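Just so you know, these numbers come straight off a predicted model, no measurement behind them. Values reported hereafter were calculated over all heavy atoms of this structure, with side chains retained and with hydrogens, waters and symmetry mates removed.
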Amino acid sequence: MPMTKIAAPEERAGGSMGSPWSTIRAEAIDLADREPTLRKLLSTEVIDAENEAAITAHVISARLSVAGVAAEDLFRLFYGILREHPDIGAAIEADLLAVRERDPACTTYLHALLNLKGFHALQTHRVAHALWMAGRVEIASWLSNLASLVFGPDIHPAARIGSSIMLDHGSGIVIGETAVIEDEVSILQNVTLGGTGKETGDRHPKIRHGVMIGAGAKILGNIEIGAFSKIAAGSVVLKPVPAHCTVAGVPAAVVRIHRNDEIPAETMDQNI
């Protein structure tokens with residue numbers, strides 16, 4: 001017997017949801033029709049969700065529920081924070097757009113939402129950071145640790161991260177407590193934004209707008225990586241990096257000056 005095609009909530013109730021969320025719902029409906037195994041999951045997490053905050057909360061809480069905490073409890077935690085902080089929702093949407101545009105392996109928004117652990121880790125961090133800033137440091141730290149165990153990236157809940165961010169693959173990424181990452185940054189696997197020892201206070205890197213950090217790069221200490229620069233794969237950066245340049249090597253040195261219109265985080269060109 002053929003299955004009845006699922007109608008999205010906005011089709012049933014006359015509502016609407018802006019891009020990319022309307023696209024995600026449409027993609028989920030299409031996938032549910034093609035893959036019956038995923039039909040219930042997609043209905044619960046995406047198609048029948050009340051709004052975009054609920055979609056995000058369903059997706060992340062379901063994946064983190066392996067910790068023995070009920071998915072319903074995690075959902076309430078995520079959903080509450082997302083409802084209280086609409087700016088997080090705007091950042092999540094910008095991240096979805098960034099991944100879809102920059103990652104050639106990401107063919108749909110839905111794929112980014114459901115399957116990319118770097119995206120999942122980043123959105124978990126956004127909630128953990130909001131909890132940290134509200135003084136709920138214990139649960140923020142627990143959530144950050146859980147995300148590291150489940151997804152891979154180890155991001156301190158105090159780290160400040162902008163929007164339109166891509167954590168490509170996510171595996172092995174470490175971001176320290178006082179690190180700052182501005183908007184429109186791309187970070188590949190096994191990148192460390194760390195300190196240089198046991199110093200306290202402001203001790204982690206500051207990554208400015210439009211930077212791309214290649215796989216395996218290590219950036220250590222309270223140093224600035226200038227806007228629209230590129231850190232080549234495998235580099236060890238111990239000194240500040242000027243804007244609009246590529247650095248490479250161990251220790252890293254400037255190997256190329258960019259045109260002012262180049263945005264390494266968007267082009268994702270790994271060549272030096």
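- Inter-residue side-chain proximity for F151 and L167 is flagged as unmet; no heavy-atom pair is nearer than 4.5 Å.
- Between H209 and F228, the distance from one ring center to the other falls under 6.0 angstrom.
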From CA spacing to verdict: side-chain contact (heavy atoms from CB on, under 4.5 Å), V247, V255
CA-CA 6 Å; V247 299; V255 296; over 6 Å; no
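- In summary, E177 and R203 engage in a salt bridge, as defined by a charged side-chain N under 4.0 Å from a carboxylate O.
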Just do the ring-ring contact (aromatic ring centres under 6.0 Å, His included) check on H58 and F75 with the steps written out, would you?
CA-CA 6 Å; H58 274 304; F75 171 80; 4.3 Å; yes
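- Ion pairing of D33 with R39 is present here, as a side-chain N (NZ or NE/NH1/NH2) and a carboxylate O approach within less than 4.0 Å.
- Using a 4.5 Å heavy-atom threshold, the side chains of L188 and I213 count as separate.
- A side-chain N or O of E199 and one of T196 form a donor-acceptor pair less than 3.5 Å apart.
- Nearest heavy atoms, H120 versus V59: NE2-CG1, 4.0 Å.
- Side-chain contact between E262 and T267: absent, with no pair of heavy atoms (C-beta onward) separated by less than 4.5 Å.
- One hydrophobic cluster, built from ILVMFWY side chains closer than 4.5 Å, cannot hold both I175 and M212; they sit in different ones.
- Between E224 and R208, at least one side-chain N (NZ, or NE/NH1/NH2) sits under 4.0 Å from a carboxylate O, which counts as a salt bridge.
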